[in-house]
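In this chain, numbering begins with 1 at the start of the sequence shown.
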Amino acid sequence: MKNLSTVKKIIIAVVSMILALVIAGGVYCIATDQNPAQATKSIFTASDNQIVGKWQSQKNPGLSAYIFYEDGTYDSYISTANFSGNYEVDGNKLILKNPSTAKEITYKFSVNEKELSLTVIDDAIATDEKEVSKYDRVDELNQKSFADIIGELKESKETTTEKK
C-alpha cells in the first residue's frame, strides 16, 4: 500500500466501502425477506407512511378494504361491515390489533406504487400455503352490500347457465 498513489488509495477505499454496502444490503434483504428494490425504497420512505390511505381488494372489490390512518388506527371493511383497530409497522411486518377483542394478526406487507400486498405470517393461523392478498390504492372505497354481492353472483351463475 505504501507504493500506491493517494488517488489509488482513495479509489480502493471507495470500492471497498461500496462492496461492503452491497454485501450488507444482501444480508438485510435475506433477513427481512425483501427484494432489493423494496429494501432500497424502505430505507428512504418510512413504511408506516407508505401504508397510509385507502386500499380496495383486487380479488374481491367491494367486499374487502382497509383504510390506514396516520395516527396508527385503521378501519377494515368486509362488505359494508366496519371493524376498527390499531396497527403497527415493524420493518416489513404489519400488525393489526383489535382492542375490543384483544386479538391481533401479523402480515408481511409491501407497497409497490399503488398496490399493497399482504401475506399472513401469524403462526396462530394454520395454512400450508400463505396466500398473498393484493389491494389497490383508491381515492374512495366502493363497498357493496351483501345483497348486492349475492345478486351479482346469482346473475353471473344465470348467465353461465344460459350459455351452456
Side-chain angles (χ1 to χ4, degrees), residues 1-78 82-143:
M1 242 355 215
K2 290 182 181 180
N3 296 337
L4 295 176
S5 70
T6 304
V7 173
K8 288 182 181 178
K9 289 179 185 178
I10 292 172
I11 290 172
I12 290 171
V14 168
V15 169
S16 298
M17 287 179 61
I18 291 171
L19 184 59
L21 287 172
V22 168
I23 292 170
V27 170
Y28 176 78
C29 289
I30 290 169
T32 61
D33 194 25
Q34 295 183 62
N35 70 42
Q38 288 174 326
T40 303
K41 185 175 181 180
S42 70
I43 290 170
F44 296 107
T45 307
S47 296
D48 49 349
N49 288 338
Q50 292 177 355
I51 201 163
V52 171
K54 297 175 184 173
W55 301 94
Q56 186 87 46
S57 172
Q58 288 180 355
K59 185 176 180 182
N60 300 303
L63 179 61
S64 176
Y66 287 100
I67 301 176
F68 294 100
Y69 301 98
E70 290 180 7
D71 66 358
T73 61
Y74 74 94
D75 287 319
S76 172
Y77 293 88
I78 298 175
N82 173 280
F83 306 93
S84 297
N86 300 310
Y87 73 91
E88 283 181 33
V89 173
D90 181 14
N92 67 339
K93 291 181 184 174
L94 173 65
I95 304 156
L96 301 182
K97 300 176 181 183
N98 185 330
S100 62
T101 62
K103 302 268 184 191
E104 66 179 55
I105 187 166
T106 303
Y107 294 97
K108 174 182 148 188
F109 86 100
S110 65
V111 177
N112 186 3
E113 297 294 319
K114 293 186 174 193
E115 181 180 86
L116 169 65
S117 298
L118 297 175
T119 306
V120 175
I121 58 173
D122 195 338
D123 293 334
I125 299 174
T127 56
D128 293 334
E129 291 187 26
K130 305 287 187 182
E131 184 178 326
V132 177
S133 299
K134 295 192 180 270
Y135 295 81
D136 291 320
R137 186 183 296 271
V138 295
D139 293 327
E140 292 298 322
L141 296 182
N142 185 22
Q143 294 307 101

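- Taking 4.5 Å as the limit, every side-chain heavy atom of Ile121 sits out of range of all side-chain heavy atoms of Phe109.
- Tyr107 places no side-chain N or O within 3.5 Å of a backbone atom of Ser117 that could act as its donor or acceptor partner.
- Taking every heavy atom of both residues into account, Gln58 and Asp136 meet most closely at NE2-OD1, 2.7 Å.
- When all heavy atoms are compared, the tightest approach of Trp55 to Leu141 is O-CD2, 4.0 Å.
- Rounding to the nearest 0.5 Å gives a distance of 12.0 Å between CG of Asn86 and CD1 of Ile95.
- In this structure, the separation between NZ on Lys108 and CG on Leu118 is 11.5 Å, given to the nearest 0.5 Å.
- Between Ser64 and Tyr135 the shortest side-chain heavy-atom distance falls below 4.5 Å.
- The side chain to side chain donor-acceptor pair (under 3.5 Å) test applied to Asp139 returns no partner, not counting sequence neighbours.
- Listed by chain and residue number, nothing satisfies the side chain to side chain donor-acceptor pair (under 3.5 Å) test with Ser76 (two or more places apart in sequence, or in another chain).
- Among residues two or more places apart in sequence or in another chain, the salt bridge (Lys or Arg N to Asp or Glu O under 4.0 Å) test is passed with Glu140 by Lys54.
- To the nearest 0.5 Å, atom NZ of residue Lys134 and atom OG of residue Ser110 are 6.5 Å apart.
- Here the rule is side chain to side chain contact (heavy atoms under 4.5 Å, CB included) with Arg137, and of Leu116, Val52, Ile51, Val111 only Val111 fits it.
- The closest donor-acceptor contact from the side chain of Gln56 to the backbone of Asn142 lies under 3.5 Å.
- Remark: Lys59 pairs with Glu131 by the salt bridge (Lys or Arg N to Asp or Glu O under 4.0 Å) rule, at least two apart or across chains.
- Applying the side chain to side chain donor-acceptor pair (under 3.5 Å) criterion to Ser84, with sequence neighbours excluded, gives Asp75, Asn82.
- A distance of 11.0 Å separates CD1 of Ile78 from OG of Ser57, quoted to the nearest 0.5 Å.
- Note that CG of Leu96 is 14.5 Å distant from NZ of Lys103, once rounded to the nearest 0.5 Å.
- Applying the side chain to side chain donor-acceptor pair (under 3.5 Å) test to Thr101 and every residue at least two apart in sequence or in another chain returns nothing.
- Expressed to the nearest 0.5 Å, how far OG1 of Thr73 lies from OH of Tyr87 amounts to 7.0 Å.
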